[in-house]
Amino acid sequence: ASTLGASAAAKGRYFGAAIAASKLGDGTYANILKTEFTSVTPENEMKWDATEPSRGTFTYAAGDKILSTAQANGQKVRGHTLAWHSQMPSWAQALSGSTLRSAMLNHVTQVATHYRGKVYAWDVVNEAFADDGRGSRRNSTLQQTGNDWIEAAFKAARAADPNAKLCYNDYNTDGVNAKSTAVYNLVKDFKARGVPIDCVGFQSHLTNTAPSDYQANLQRFADLGVDVQITELDISGSGQAAAYAAVTKACLAVSRCTGITVWGIRDSDSWRTGTNPLLFDSSGKKKAAYTSVLNAL
Ligand code: XIL
């Protein structure tokens, strides 16, 4: 096939992009989005600060705009993200303990209810583990509400939207290491105890290369009985095209790897400013990395 989305579909996968509601009026952007991608993730529009800017007041206009654009294009939507230590509104940043716990759970319930039946997967919890080389939980105010905050968020999401796939999502978990093993143990424990979890997202913000055990890492999670997805792929540096092919092939080699999302469309859209980590250049032209992915699909 001649597009990322159609080629991925021929293999039973989606190929998605993170998008910004504010860019949908840009013709080049909108055209690539519609032509190449079969899934979208709102880059910021469904985060806590965007959807509940003051406590109990919910604002869905930007998220809804992404949803309706995706529906018009026949694309899936990955909801991102319900509970995360970053991009919390300032009112929530000021809370702690049981007050924060109930505000978080109310947030999960309200947002997942608003989008019930419309998003196929939610990143319920994002980035809850630390980078200390020991697989510790991140020391956030959410963590300080009690070690069970992650399962509480997943249970609230399941109750609000029983048909959405519920994912745990993180970075630096792309190979086998202490952090990914901590996530692995969390998923294993949830499965053993019947805590709802359906999928694990691997952000895959990479530089130069993919970890050599990338596929093996995806496979060990899949073997726990969850789907795996590449959720925020971008790759900077000299090995870019080859690393994109390696990630694509790794996903295709794992039957429960259901799709790949790149974190932006053009290099100029990337949050990794100045590193040109995406598949289209700033003028919207396909890069060598694009061709590498298309050939790998
Ligand atoms: C980033 C967005 O791309 C930026 O526009 C925003 O300023 C900060 O957040 N991990 C995630 C994403 O899960 O939500 C982050 O997105 C990138 C890192």
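Counting starts at 1 for both ligands and their atoms, following the listed order.
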- Message: Below 30° counts as parallel, above 60° as perpendicular, anything between as tilted: where do the rings of His107 and Phe58 land?
- Response: parallel
- Message: Would you say that more than 12 heavy atoms from the other residues, nucleotides or ligands in this model lie under 6.0 Å from the NZ of Lys249, or not?
- Response: no
- side-chain hydrogen bond (donor to acceptor under 3.5 Å, both in side chains) involving His114 - partner list, sequence neighbours excluded: Asp64
- Query: By salt bridge (charged side-chain N to carboxylate O under 4.0 Å, His left out), which residues pair with Asp281, not counting sequence neighbours?
  - Reply: none
- Message: Could you check whether any side-chain heavy atom of Glu232 comes within less than 4.5 Å of a side-chain heavy atom of His205, counting everything from C-beta outward?
- Response: yes
With the criterion set at N/O pairs under 3.5 Å, what does the list of contacts between the protein and ligand 1 look like, atom names and distances included?
unit_1, atom_1, unit_2, atom_2, d
ligand 1, 3 (O), Glu43, OE2, 2.4
ligand 1, 3 (O), Trp263, NE1, 2.9
ligand 1, 5 (O), Glu43, OE2, 3.3
ligand 1, 5 (O), Asn44, ND2, 2.9
ligand 1, 9 (O), Lys47, NZ, 3.2
ligand 1, 9 (O), Gln87, OE1, 3.2
ligand 1, 10 (N), Glu127, OE2, 3.1
ligand 1, 10 (N), Gln203, OE1, 3.2
ligand 1, 10 (N), Glu232, OE1, 3.0
ligand 1, 13 (O), His80, NE2, 3.3
ligand 1, 13 (O), Asn126, ND2, 2.9
ligand 1, 13 (O), Gln203, NE2, 3.4
ligand 1, 13 (O), Glu232, OE1, 3.3
ligand 1, 13 (O), Glu232, OE2, 2.7
ligand 1, 14 (O), Lys47, NZ, 2.8
ligand 1, 14 (O), His80, NE2, 2.7
ligand 1, 16 (O), Lys47, NZ, 3.3
ligand 1, 16 (O), Trp263, NE1, 3.3

- salt bridge (charged side-chain N to carboxylate O under 4.0 Å, His left out) partners of Arg137, counting only residues at least two apart: none
